[in-house]
Protein chains: 2
Amino acid sequence: MDSTVENVRSQMRKGVLEYCILSILSRKEAYASSIIEELKAANMIVVEGTLYPLLIRQKNQGLLSYRWEESTQGPPRKYYVITEKGREILSEMDSAWQEIVSTINALRNHE
Amino acid sequence: MDSTVENVRSQMRKGVLEYCILSILSRKEAYASSIIEELKAANMIVVEGTLYPLLIRQKNQGLLSYRWEESTQGPPRKYYVITEKGREILSEMDSAWQEIVSTINALRNHE
DNA sequence: TTTAATACCTTGTATCGCAAAGTACCAATA
DNA sequence: TATTGGTACTTTGCGATACAAGGTATTAAA
């Protein structure tokens with residue numbers, strides 16, 4: 001049951017997910033669960049099975065590193081930290097995003 | 001050669017492709033090749049193998065219909081026409097898009 | 001010692017864009 | 001009439017990716 005619109009909505013979210021992750025981590029380091037919380041607060045529904053592989057991908061691309069930290073209430077947390085390369089890529093993502101926004105504006109308001 | 005950024009750029013485009021198609025067809029009917037031209041002009045690179053299945057999908061969802069028209073120079077063209085339902089969905093896509101834009105703004109400029 | 005909460009990770013599935021190859025129609029030209 | 005080139009539509013196979021679902025491990029409280 002496809003609900004066209006929900007599908008489109010989730011497609012649009014997908015396109016900017018990596019951008020959102022890097023953006024969050026550019027402000028302060030964070031661990032997966034807290035990133036999910038922050039995304040949820042911003043109306044970007046993301047689940048664990050999506051986020052973990054994505055963080056690992058970005059780490060493998062050199063955009064992130066991480067360190068373990070003990071928690072007072074539960075297992076240790078893997079705090080991800082944005083790298084210098086990550087910041088460079090983030091800034092290129094800013095451009096890419098602006099470009100898409102312009103494109104949509106052009107297409108949507110043209111004439 | 002993954003070029004992270006080009007990958008992200010294309011991910012972002014994917015997310016709004018259906019939106020762009022409906023948007024173009026909301027102004028006037030068009031056939032596949034002309035849609036590709038228009039998208040190219042707007043900086044959205046799309047190829048046949050992407051567009052045709054997508055048009056068929058949207059037609060099957062009742063967002064589009066089509067009619068054949070003879071061409072003076074080549075085989076007949078399949079002109080796609082947006083339906084009433086298509087216009088409704090397009091307007092919901094407008095909302096979805098605005099929401100994503102707000103989300104990004106919130107995440108990107110927060111603090 | 002069992003339960004609940006927190007946190008990390010993996011597997012299988014479905015979707016989707018894209019490259020590439022295929023089919024068909026038409027017109028001009030050899 | 002046979003061939004070539006241009007236009008247009010369609011299909012197949014592949015790779016990437018989000019997500020549902022299930023799994024492991026640690027800690028603290030009941």
Side-chain angles (χ1 to χ4, degrees), chain A residues 1-21 29-40 44-61 63-64 66-80 100, chain B residues 1-22 29-40 44-61 63-80 100:
Chain A
M1 293 316 86
D2 180 18
S3 170
T4 307
V5 171
E6 194 39 55
N7 191 37
V8 166
R9 222 172 267 270
S10 99
Q11 284 269 104
M12 288 181 179
R13 278 196 302 261
K14 283 184 198 181
V16 293
L17 230 191
E18 303 209 21
Y19 182 35
C20 292
I21 307 301
E29 54 184 34
Y31 63 102
S33 304
S34 68
I35 294 175
I36 290 178
E37 283 313 306
E38 195 156 348
L39 287 173
K40 202 173 292 174
M44 291 272 303
I45 299 131
V46 175
V47 294
E48 293 186 322
T50 299
L51 186 59
Y52 281 98
L54 196 156
L55 288 171
I56 290 168
R57 255 192 336 265
Q58 292 193 330
K59 188 212 63 180
N60 290 339
Q61 292 174 337
L63 314 186
L64 305 178
Y66 67 84
R67 60 176 178 74
W68 287 99
E69 186 172 309
E70 297 296 321
S71 164
T72 54
Q73 39 183 337
R77 296 166 174 174
K78 202 174 189 174
Y79 276 84
Y80 281 92
I100 293 282
Chain B
M1 286 308 87
D2 177 21
S3 172
T4 307
V5 171
E6 195 38 54
N7 191 38
V8 166
R9 220 173 269 270
S10 98
Q11 285 268 105
M12 288 181 178
R13 278 196 301 259
K14 282 184 198 180
V16 294
L17 229 191
E18 302 209 21
Y19 183 35
C20 292
I21 306 300
L22 272 192
E29 54 184 33
Y31 63 102
S33 304
S34 69
I35 294 175
I36 290 178
E37 283 315 305
E38 195 156 347
L39 287 173
K40 203 173 290 176
M44 291 271 304
I45 299 132
V46 175
V47 294
E48 293 184 322
T50 298
L51 185 60
Y52 282 97
L54 196 156
L55 288 171
I56 291 167
R57 258 196 329 270
Q58 292 192 330
K59 189 212 61 182
N60 290 339
Q61 293 173 338
L63 313 186
L64 304 178
S65 62
Y66 66 81
R67 60 177 178 74
W68 287 99
E69 186 172 310
E70 297 297 321
S71 165
T72 54
Q73 39 183 335
R77 296 168 174 173
K78 203 174 191 175
Y79 276 84
Y80 282 92
I100 294 281

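Please read these numbers as outputs of a predicted model, since none were measured by experiment. Proteins come first, then strands; the chains are lettered A, B, ... in the order of their sequence lines, and each starts at number 1.
Going from atom CG of A:L51 over to atom P of D:dA18 covers 10 Å, rounded to whole Å. A straight line from CZ of B:R67 to C1' of D:dC9 spans 16 Å, rounded to a whole angstrom. The CD-C1' distance, from A:E37 to C:dT6, rounds to 12 Å in whole Å. Rounded to whole Å, the distance from CD1 on A:I35 to P on C:dT6 is 17 Å. Separating the CD atom of A:E6 from the C1' atom of D:dC19 is a distance of 13 Å, rounded to the nearest angstrom. Protein atom NZ of A:K40 is 14 Å distant from nucleotide atom C1' of D:dC19, rounded to whole Å. One atom, CD of A:E69, and another, P of C:dA7, lie 12 Å apart when rounded to the nearest Å. Look at CD on A:Q61: it is 13 Å from C1' on D:dT17, rounded to the nearest Å.
Between A:M12 and A:V16 the shortest side-chain heavy-atom distance does not fall below 4.5 Å.
For the segment residues 11-20 of chain B, residues with any heavy atom less than 4.0 angstrom from an atom of DNA chain D are, sorted by number, B:Q11.
For residues 45-56 of chain B, no pair satisfies salt bridge (charged side-chain N to carboxylate O under 4.0 Å, His left out), with sequence neighbours left out. Sorted by first and then second residue, the side chain to side chain donor-acceptor pair (under 3.5 Å) pairs involving residues 49-59 of chain B (not counting sequence neighbours) are B:E18-B:Q58.
Among residues two or more places apart in sequence or in another chain, the side-chain hydrogen bond (donor to acceptor under 3.5 Å, both in side chains) test is passed with B:E29 by B:R67. Judged as a salt bridge (charged side-chain N to carboxylate O under 4.0 Å, His left out), and not counting sequence neighbours, A:R77 has no contacts. In this structure A:I45 satisfies the side-chain contact (heavy atoms from CB on, under 4.5 Å) test together with A:R13, sequence neighbours excluded. Partners of A:P75 by side-chain contact (heavy atoms from CB on, under 4.5 Å), not counting sequence neighbours: none found.
Look at A:Y31 and you won't find any side-chain N or O under 4.0 angstrom from OP1 or OP2 of C:dC8. At least one side-chain nitrogen or oxygen of B:S33 sits closer than 4.0 Å to the OP1 or OP2 atom of D:dC9. For the OP1/OP2 pair of C:dC9 and a distance below 4.0 Å, the side-chain nitrogens and oxygens of A:Y52 include no atom meeting the criterion.
Considering CD1 of B:I35 and CG of B:L54, their distance stands at 9.5 Å, rounded to 0.5 Å.
Listed nucleotides C:dC8, D:dA8, D:dT10 differ in distance to B:Y80; the shortest reach to its side chain belongs to D:dT10. Between D:dA18, D:dT11, C:dC8, one nucleotide has an atom nearer to the side chain of A:K78 than all others, and that is C:dC8. Distance from the side chain of A:R77 is smallest for C:dC8 among the nucleotides D:dC9, C:dG17, C:dC8.
Ring pair A:Y79/A:Y66: centre-to-centre distance not below 6.0 Å.
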*Once Watson-Crick and G-U wobble pairs under 3.5 Å are found, how is DNA chain D written in dot-bracket notation, 5' to 3', with | for any base paired to another strand?*
||||||||||||||||||||||||||||||
*Starting from the C-alpha separation in whole Å, work towards a yes-or-no answer on side-chain contact (heavy atoms from CB on, under 4.5 Å) for B:E69 and B:Y31.*
CA-CA 10 Å; B:E69 186 172 310; B:Y31 63 102; over 6 Å; no
*Begin with the C-alpha distance, continue with both residues' side-chain angles, and end with the deciding distance and a verdict on side-chain contact (heavy atoms from CB on, under 4.5 Å) for B:L17 and B:L51.*
CA-CA 9 Å; B:L17 229 191; B:L51 185 60; 5.7 Å; no
*Could you give me the CA-CA distance, side-chain angles and deciding distance for B:E37 and B:S33, then say whether side-chain contact (heavy atoms from CB on, under 4.5 Å) is met?*
CA-CA 6 Å; B:E37 283 315 305; B:S33 304; 5.9 Å; no
*Reading 5' to 3' through nucleotides 19-30 of chain C, protein heavy-atom contacts under 4.0 Å coded B for base, S for sugar-phosphate only, - for none*: BB----BSS---
